[in-house]
Amino acid sequence: MKHNFGAGPGILPHEVLKQAAAAVVDFGGIGLSILEISHRSPEFESVLDEAVKLVKELFNVPEGYSVLFLQGGASTQFALAPYNLLPDGGKAAYLETGVWANKALKEAKFFGEVEVVATSKDKNFTYIPKDYTIPTDAAYFHITSNNTIYGTQLQEFPKSPIPVVCDMSSDIFSRKVNVADFGLIYAGAQKNMGPAGVTLVIVKDSILGKTGRKIPAMFNYQVQIEGGSMYNTPPVFAIYVSMLTLNWLKSKGGVAAIEKENIAKARVLYEEIDRNPFFKPVCEVEDRSHMNVCFVMENPDLEKAFLKLCDDKDIIGIKGHRSVGGFRASIYNALPITSVYVLIDAMQEFAEKNKV
Ligand SMILES: *Cc1c(COP(=O)(O)O)cnc(C)c1O
């Protein structure tokens, strides 16, 4: 089997893939595929109920929050958050920590004023800005918990006087989070929660309905809440596979247990990057991501040769994003620590072979 370090769509647990494959042919022994049953059938309704229940359980979602499974990816949420939360002529605050944060704030400008409270653009987003003030007159404060491309992560969430909106696409369910500290959490499923095609939204009900704006049904969180994520046909298969993945996570001991594993995986890999003279880290130590580990080579001319060695060892998807270069090893929940050790072995072998 391959060691899949791809950034997204990312690795899924093998047992989930086997269950999903079986359900494509015959879903739960009913003689029909999961792909050809009604979304209003009791069979699918129980899948959706179970998925919502697992999200609430794994993330300890308090009363007063709704869990939605929507379409359009996290990129659609870049627009839906301001559409639903930012009144005309109002202001929203954004922390600019990378490409995704930047895309999010650009969408907000369609709806009102945007205040960028801090940015790490000056150093190509290799750190998380910390000294800033959140304006109390803004409708919300938008953050990106993990910067998939640059390999930085907020290790602490800001204490905010206004609702916090968080793009958790690339670290959702990787660590414990106090949902009550957030007004809105969203995440495209395809990094750490399931396949592409569905987006998780967790929204605090009391922050809705304050813009005075008319919002078309599909873009309106309130309508989606009332429809139970079934205002229209939901992405049945993507929700099913997400449900299986959440169930897998629960069987592994839930978020607290996977967080420990994720920390261990990240630690051994960063240790090797720091130790191995051929490689060097990219980001500020205190802001290093536990999901996307970015590193480069002391001698960039050797990058191709290292990629070739990785390829020979079935290490897949570690080429860095074009805006950073070098390498990015995404070590999402489903990636076993044994794969991380295979990568570390490859780095050591490469250093041994090339030393002068
Ligand atoms: C991948 C990613 C996105 C984009 O997600 P889509 O579902 O493709 O729209 C947004 N934000 C972050 C942090 C991501 O990692």
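Values reported hereafter were calculated over all heavy atoms of this structure, with side chains retained and with hydrogens, waters and symmetry mates removed.
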Can we say [X] and [Y] salt-bridge, meaning some charged N sits less than 4.0 Å from an Asp/Glu carboxylate O?
{"X": "E15", "Y": "K18", "answer": "no"}
{"X": "E349", "Y": "K353", "answer": "yes"}
{"X": "R288", "Y": "D274", "answer": "yes"}
{"X": "K319", "Y": "E303", "answer": "no"}

Atom pair [atom1]/[atom2] of [X] and [Y] - distance to nearest 0.5 Å:
{"X": "E50", "Y": "K53", "atom1": "CD", "atom2": "NZ", "answer": "4.5 Å"}
{"X": "K304", "Y": "L309", "atom1": "NZ", "atom2": "CG", "answer": "16.0 Å"}
{"X": "S145", "Y": "L95", "atom1": "OG", "atom2": "CG", "answer": "11.5 Å"}
{"X": "L343", "Y": "K313", "atom1": "CG", "atom2": "NZ", "answer": "11.0 Å"}
{"X": "R328", "Y": "Y150", "atom1": "CZ", "atom2": "OH", "answer": "10.0 Å"}

- Message: Using the salt bridge (Lys or Arg N to Asp or Glu O under 4.0 Å) definition, which of the options K265, K176, K252 pairs with E259?
- Response: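 Answer after filtering K265, K176, K252: K176.
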- Task: Please say which of E284, E156, E286 ends up in a salt bridge (Lys or Arg N to Asp or Glu O under 4.0 Å) with K130.
- Result: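 The option that passes is E286.
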Can you see which heavy atom on [X] is nearest to which on [Y], and at what distance?
{"X": "L154", "Y": "T144", "answer": "CD1-O, 3.3 Å"}
{"X": "A346", "Y": "I315", "answer": "CB-CD1, 3.9 Å"}
{"X": "L86", "Y": "A92", "answer": "CD1-N, 3.8 Å"}
{"X": "A51", "Y": "I239", "answer": "CB-CG2, 4.3 Å"}

Common cluster, [X]/[Y], ILVMFWY with side-chain heavy-atom separation under 4.5 Å:
{"X": "F69", "Y": "F44", "value": "yes"}
{"X": "I207", "Y": "F59", "value": "no"}
{"X": "Y231", "Y": "V236", "value": "no"}
{"X": "I273", "Y": "L307", "value": "yes"}

Would you say [atom1] of [X] has more than 12 non-hydrogen atoms from neighbouring residues, nucleotides or ligands within 6.0 angstrom?
{"X": "R322", "atom1": "CZ", "result": "no"}
{"X": "F278", "atom1": "CZ", "result": "yes"}
{"X": "Y127", "atom1": "OH", "result": "yes"}
{"X": "Y132", "atom1": "OH", "result": "yes"}
{"X": "K91", "atom1": "NZ", "result": "yes"}

- Task: Would you please test F327 and F306 for ring pair (Phe, Tyr, Trp, His ring centres under 6.0 Å) and show each step?
- Result: CA-CA 10 Å; F327 308 101; F306 181 64; 5.2 Å; yes
- Task: Going by the side-chain hydrogen bond (donor to acceptor under 3.5 Å, both in side chains) test, name the single residue among N147, D287, D171 that passes it with Q153.
- Result: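 Only one option passes, and that is D171.
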So, does [X] use its side chain to make a donor-acceptor pair with the main chain of [Y] at under 3.5 Å?
{"X": "N276", "Y": "E272", "result": "no"}
{"X": "N262", "Y": "M291", "result": "no"}
{"X": "E36", "Y": "S33", "result": "yes"}

- Item | Test log, rule side chain to side chain contact (heavy atoms under 4.5 Å, CB included), inputs L58 and F173 | CA-CA 8 Å; L58 288 165; F173 300 122; 4.2 Å; yes
- Message: Over 60° means perpendicular and under 30° means parallel, so tell me whether F157 and F182 are parallel, tilted or perpendicular.
- Response: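 F157 vs F182 ring planes: perpendicular.
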- Task: Mind running ring pair (Phe, Tyr, Trp, His ring centres under 6.0 Å) on Y240 and F27 for me, showing each step along the way?
- Result: CA-CA 11 Å; Y240 176 62; F27 177 55; 5.3 Å; yes
- May I have the step-by-step check of side chain to side chain contact (heavy atoms under 4.5 Å, CB included) for L80 and Q77, ending in yes or no? CA-CA 5 Å; L80 295 198; Q77 298 307 314; 3.8 Å; yes
- Message: Looking at W100, I'd like to know if the NZ or CZ of K191 sits under 6.0 Å from its six-membered ring centre while staying within 45 degrees of the ring's axis.
- Response: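 Yes, K191 sits over the ring of W100.
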- Task: Would you check, one step at a time, whether the test side chain to side chain contact (heavy atoms under 4.5 Å, CB included) holds for V99 with F125?
- Result: CA-CA 9 Å; V99 163; F125 301 117; 5.5 Å; no
- Message: Using side chain to side chain contact (heavy atoms under 4.5 Å, CB included), reason through I30 and I37 one step at a time and then give a plain yes or no.
- Response: CA-CA 10 Å; I30 62 170; I37 58 171; 3.9 Å; yes
